[in-house]
Amino acid sequence: MPDPCRPAPLLRYAPPGRPGCSCRQPADKRDPMTVRTRFAPSPTGYLHVGGARTALFSWLHARRHGGTFVLRVEDTDLERSTAESVNAILEGMTWLGLEYDEGPLFQTERFDRYQEVIDGLLEQGHAYRCDCPRERLDVLRAKQMERKEKPKYDGHCRTRDIDPTTPHVIRFRTPIEGTVGFDDMIRGRVTWENSELDDLVIRKSDGSPTYNLAVVVDDLDMRISHVIRGEDHVSNTPRQVHIFRALGAHVPVFAHVPMILGDDGARLSKRHGAVSVMQYREEGILPEALLNYLVRLGWSHGDQEIFSVDEMVALFDLESVNKSASTFNTDKLLWLNQHYITQADPAHLARELSWHLGQLGIDPSDGPELIEVVRAQQGRAKTLVELAAISAFFYRDPADYDAKAAKKHFKAAALEPLSRAREALAGLASWTPEVLHALVEGVAAELEVGMGKIAQPLRVAVSGRAATPGIDVTLDLVGRDACLRRIDRALDYIREQAESAV
RNA sequence: GUCCCCAUCGUCUAGUUGGCCUAGGACACUGGCCUCUCACGCCGGCAACAGGGGUUCGAAUCCCCUUGGGGACGCCA
């Protein structure tokens, strides 16, 4: 019976700033049954939607079971890892609200530990040195491909005794016979013939560990109970299982989530447009909408479509995650986004919107109260970008008229209703939606026409567009001065049109 | 090419131990209602169990094959 407070030396893990022995940690963190999940991105780019969903599932699983969520940066590839990527990923996680309990931990800070493990593996004969030149490997691979075989290392150095002082890599000695397998929470039992595997490199010639070695050591040291990651990792798993066993360790539970595909059925990539999580923010997507969209991609709870984060935490379970890949569908994301914009607290939305208005060169402090504009417009836009665009007229005169709207509502016949309305507006004692509503109705009654005959020309005159909130609210927010000024301009425009038409 | 995985409307999916499925919901599309416009909302429509064999009284649900798709085959992660 191993003492949980005294893990074998190989399993030691010292998170930065914490005591090395888990004895000093709270009881729940010492319990081997405690759920511990991790998100382990490699910092070679931004956080994309696929990674974000994996992170979400991991986070959800930890939260659901009162466990711990660890963020680990897999930066063993010194060539490609960048600090900017680390920041971009952290920024994305923060924006989505996927807070981690431990980390970020960096693999580059644990090289000594990997070396220690590799030494042990070497000593016990689970690994060996290999100095096969690249050319040899290339030829080998080419020949195998030619023979229509799966390219694999042939174990050339298995029994050779390579001088440790000469350049070499270290390979893991994979069992030649038998099978390996693991139980996946999403896909069930998956097995391989060991003969399908080869002796993978676990330490590069520059001394750094490879991915397959580092993940195993980290997941072990960090006592990860559930490895939740993309399906593209299933084929790595049997190799990792072998390493876990060679280390005499228990393998964690695996859950490989299906891929997210682009519209063309291929794996999601940059060419599919906005796949960076932060780009969605710039395009005016609310984080709760993205989260809701992502959680429903591959997971479901009956027919429910709308999930607050609290509901996700309460209902999410890995067992009901789909096995098949799914296609990213922007339309549905937009639908959710509109839903969340409609539901959002106006004050909160106003803060979000002001940035987007700023992008249009508008200072929302100069004009109607932004929160009132939000109340009037909320629910009329699918994104914050769109919300800003349709709200700009509250803060500045329309630069031009929507062509179709002008053509339809700025006919000569609109002159009379518009001038009547202008007169009435100019003489108004008070300026409230109620009064304005009555005014428009009054003008319509006077001219014996429908309300639309008055409201539409007015709307286009004041906003430049065919669609705005109710005419009363619109006029109210635009304000008397701007309304009169814009109506005058519209009257001029209509007269000009009429003249040039003759 | 080899291995692994997957397969219900265009898309996301329900379909929990085979019968209640003449396959349900949502997005998109679409007809209508509401209406000062747009959006929302409401009512309706279109649209799927990849194909073929089995097993069974009975299969979208189980098995096999085919086909299709994805992933992996790196001193990348």
Side-chain angles (χ1 to χ4, degrees), chain A residues 40-44 74-77 79-81 107 130 132 134 137 141 144-153 168-171 184 187-188 190-193 195-198 200-206 208-212 214-215 229-238 256 258-259 261 263 265-267 293 296-306 319-320 322-336 338-339 342 377-382 390 405 409 437 440-441 444 450-456 458-460 463 465-472 474:
Chain A
S42 62
T44 53
E74 312 229 314
D75 55 352
T76 55
D77 186 350
E79 307 271 301
R80 278 180 268 191
S81 301
Q107 293 189 320
C130 165
C132 288
R134 303 235 185 201
L137 267 18
R141 203 165 295 145
Q144 287 165 329
M145 293 285 259
E146 218 170 280
R147 272 179 276 149
K148 299 189 188 302
E149 287 170 10
K150 180 194 270 188
K152 286 182 316 196
Y153 179 64
H168 64 274
V169 299
I170 295 175
R171 290 183 183 271
D184 191 289
R187 8 193 48 93
V190 188
T191 57
W192 276 262
E193 292 291 330
S195 57
E196 287 295 332
L197 275 22
D198 67 355
L200 65 152
V201 171
I202 56 176
R203 196 186 76 165
K204 308 174 196 172
S205 51
D206 67 0
S208 60
T210 59
Y211 164 75
N212 279 303
V215 238
R229 58 184 12 167
E231 190 191 355
D232 48 337
H233 285 287
V234 299
S235 52
N236 284 319
T237 310
H256 289 96
M259 303 271 86
L261 276 23
D263 313 308
R267 190 174 165 178
Y293 178 72
R296 280 286 289 105
L297 212 53
W299 176 79
S300 60
H301 181 73
D303 285 337
Q304 189 171 343
E305 294 287 353
I306 305 293
E319 285 88 349
S320 34
N322 256 182
K323 288 198 264 278
S324 49
S326 39
T327 308
F328 194 90
N329 181 220
T330 306
D331 279 334
K332 189 157 184 183
L333 204 213
L334 291 174
W335 170 71
L336 281 164
Q338 175 158 33
H339 169 82
T342 307
Q377 292 283 44
Q378 200 171 9
R380 261 176 246 273
K382 291 182 183 301
I390 64 173
H409 303 292
H437 188 84
V440 175
E441 266 183 339
M451 207 169 148
K453 287 276 186 266
I454 312 299
Q456 279 308 87
L458 261 182
R459 170 170 282 119
V460 180
S463 71
R465 23 178 76 247
T468 75
I471 193 65
D472 44 3
T474 301

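To find a chain, count down the sequence lines: A is the first, B the second, and so on, and within it residues start at 1. Fair warning: this is a prediction, and the values are worked out from it, not measured in the lab.
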Student: Could I get a table of every N or O pair under 3.5 Å where one atom is in the protein and the other is in nucleotides 48-50 of chain B?
Tutor:
none

Student: Go through the structure and list residues passing side-chain hydrogen bond (donor to acceptor under 3.5 Å, both in side chains) with K152(A), not counting sequence neighbours.
Tutor: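 So K152(A) forms no side-chain hydrogen bond (donor to acceptor under 3.5 Å, both in side chains) with any residue.
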Student: What is the base-pairing partner of U22(B), counting Watson-Crick and G-U wobble geometry with both distances under 3.5 Å?
Tutor: none
Student: Can you tell me the distance, in whole Å, between the CG atom of N329(A) and the C1' atom of C12(B)?
Tutor: 7 Å
Student: Could you work out, with salt bridge (Lys or Arg N to Asp or Glu O under 4.0 Å) as the rule, every residue matching K323(A), not counting sequence neighbours?
Tutor: none
Student: Below 4.0 angstrom from OP1 or OP2 of C12(B), is there any side-chain N or O of T327(A)?
Tutor: yes
Student: Side chains of T76(A) and S208(A): closer than 4.5 Å at any heavy-atom pair?
Tutor: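 With C-beta onward as the side chain, the pair stays apart.
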Student: Does the protein touch nucleotides 70-77 of chain B at the base, only the backbone, or not at all? Give it as B, S and - per nucleotide, heavy atoms under 4.0 Å.
Tutor: SSSBBBSB
Student: Can a donor-acceptor pair under 3.5 Å be found between the side-chain atoms of Q304(A) and the base atoms of G25(B)?
Tutor: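 Answer is no: no donor-acceptor pair is held.
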Student: Please enumerate all residues that pass side-chain contact (heavy atoms from CB on, under 4.5 Å) together with T330(A), with sequence neighbours excluded.
Tutor: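 side-chain contact (heavy atoms from CB on, under 4.5 Å) list for T330(A), sorted by chain: F328(A), L334(A).
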Student: Please name all residues satisfying salt bridge (Lys or Arg N to Asp or Glu O under 4.0 Å) with D472(A), sequence neighbours left out, ordered by chain then number.
Tutor: none
Student: If pairing requires Watson-Crick or G-U wobble contacts with both distances under 3.5 Å, which nucleotide is the partner of G31(B)?
Tutor: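 Base partner found: C43(B).
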Student: So, do E79(A) and D206(A) sit near enough that their side-chain heavy atoms are less than 4.5 Å apart?
Tutor: no
Student: Check the distance between C12(B)'s P and L334(A)'s CG and give it to me in whole angstrom.
Tutor: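 Rounded to the whole Å, the gap is 16 Å.
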Student: For a 4.5 angstrom cut-off between non-hydrogen side-chain atoms, does D77(A) reach S42(A)?
Tutor: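 No, side chains not in contact.
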Student: When the C1' atoms of U16(B) and C21(B) are considered, how many whole Å apart are they?
Tutor: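 These two C1' atoms come out 15 Å apart once rounded.
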Student: Starting at the 5' end of nucleotides 30-44 of chain B, put B wherever the base has a protein heavy atom under 4.0 Å, S where only the sugar-phosphate does, and a dash everywhere else.
Tutor: ------BBBS-----
Student: Under a 3.5 Å limit for both distances, which nucleotide forms a Watson-Crick or G-U wobble pair with G58(B), could you say?
Tutor: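 In the structure as shown, G58(B) has no Watson-Crick or wobble partner.
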Student: Name the nucleic acid region contacted by R296(A), choosing base, sugar-phosphate or nothing; use a 4.0 angstrom heavy-atom cut-off, strictly under.
Tutor: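 Touches a base.
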Student: Whom does G74(B) pair with, Watson-Crick or G-U wobble, provided both distances fall under 3.5 Å?
Tutor: none
Student: Aromatic contact between H233(A) and Y211(A), with the criterion being ring centroids under 6.0 Å apart: yes or no?
Tutor: yes
Student: May I ask you to verify if any side-chain N or O of S300(A) is less than 4.0 angstrom from the OP1 or OP2 atom of A14(B)?
Tutor: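 It does, given that an N or O in the side chain of S300(A) lies less than 4.0 Å from OP1 or OP2 of A14(B).
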Student: What is the distance, rounded to the nearest whole Å, between atom CD of E196(A) and atom P of U2(B)?
Tutor: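 That distance rounds to 11 Å.
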Student: If you check the S326(A) side chain, which of U13(B), G1(B), G24(B) turns out closest?
Tutor: U13(B)
Student: Can you list the residues that meet the salt bridge (Lys or Arg N to Asp or Glu O under 4.0 Å) rule with D331(A), with sequence neighbours excluded?
Tutor: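 In terms of salt bridge (Lys or Arg N to Asp or Glu O under 4.0 Å), with neighbours along the sequence ignored, D331(A) is linked to no residue.
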Student: Between P on U13(B) and OH on Y293(A), what's the gap in Å once rounded to a whole number?
Tutor: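 Whole-Å distance recorded here is 8 Å.
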Student: Among all residues two or more places apart in sequence or in another chain, which pass the side-chain hydrogen bond (donor to acceptor under 3.5 Å, both in side chains) test with D303(A)?
Tutor: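 Expected list: none.
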Student: Only counting residues at least two apart or in another chain, list the ones meeting side-chain hydrogen bond (donor to acceptor under 3.5 Å, both in side chains) with S463(A).
Tutor: none
Student: Atom CD of E193(A) and atom C1' of C3(B): how far apart are they, to the nearest Å?
Tutor: 10 Å
Student: Using atom CG of D303(A) as one end and atom C1' of U8(B) as the other, report the distance to the nearest whole Å.
Tutor: 14 Å
Student: Now, which nucleotide makes the Watson-Crick or G-U wobble pair with C38(B), with each of the two distances under 3.5 Å?
Tutor: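 With both distances under 3.5 Å required, C38(B) matches none.
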Student: Nearest whole angstrom, please: distance from the C1' of A28(B) to the NZ of K332(A).
Tutor: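 To the nearest whole Å, that distance equals 10 Å.
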Student: Holding to side-chain hydrogen bond (donor to acceptor under 3.5 Å, both in side chains), I want the full list of residues that pass it with E305(A), two or more places apart in sequence or in another chain.
Tutor: R296(A), K332(A)
Student: With a cut-off of less than 4.0 Å, is there a side-chain N or O of N322(A) near OP1 or OP2 of U13(B)?
Tutor: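 For U13(B), OP1 or OP2 has a side-chain N or O of N322(A) closer than 4.0 Å.
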Student: Rounded to the Å, how far apart are W299(A) CH2 and U16(B) C1'?
Tutor: 15 Å
Student: For R147(A), give me all partners under salt bridge (Lys or Arg N to Asp or Glu O under 4.0 Å), at least two apart in sequence or on another chain.
Tutor: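 Only E149(A) meet the salt bridge (Lys or Arg N to Asp or Glu O under 4.0 Å) criterion with R147(A).
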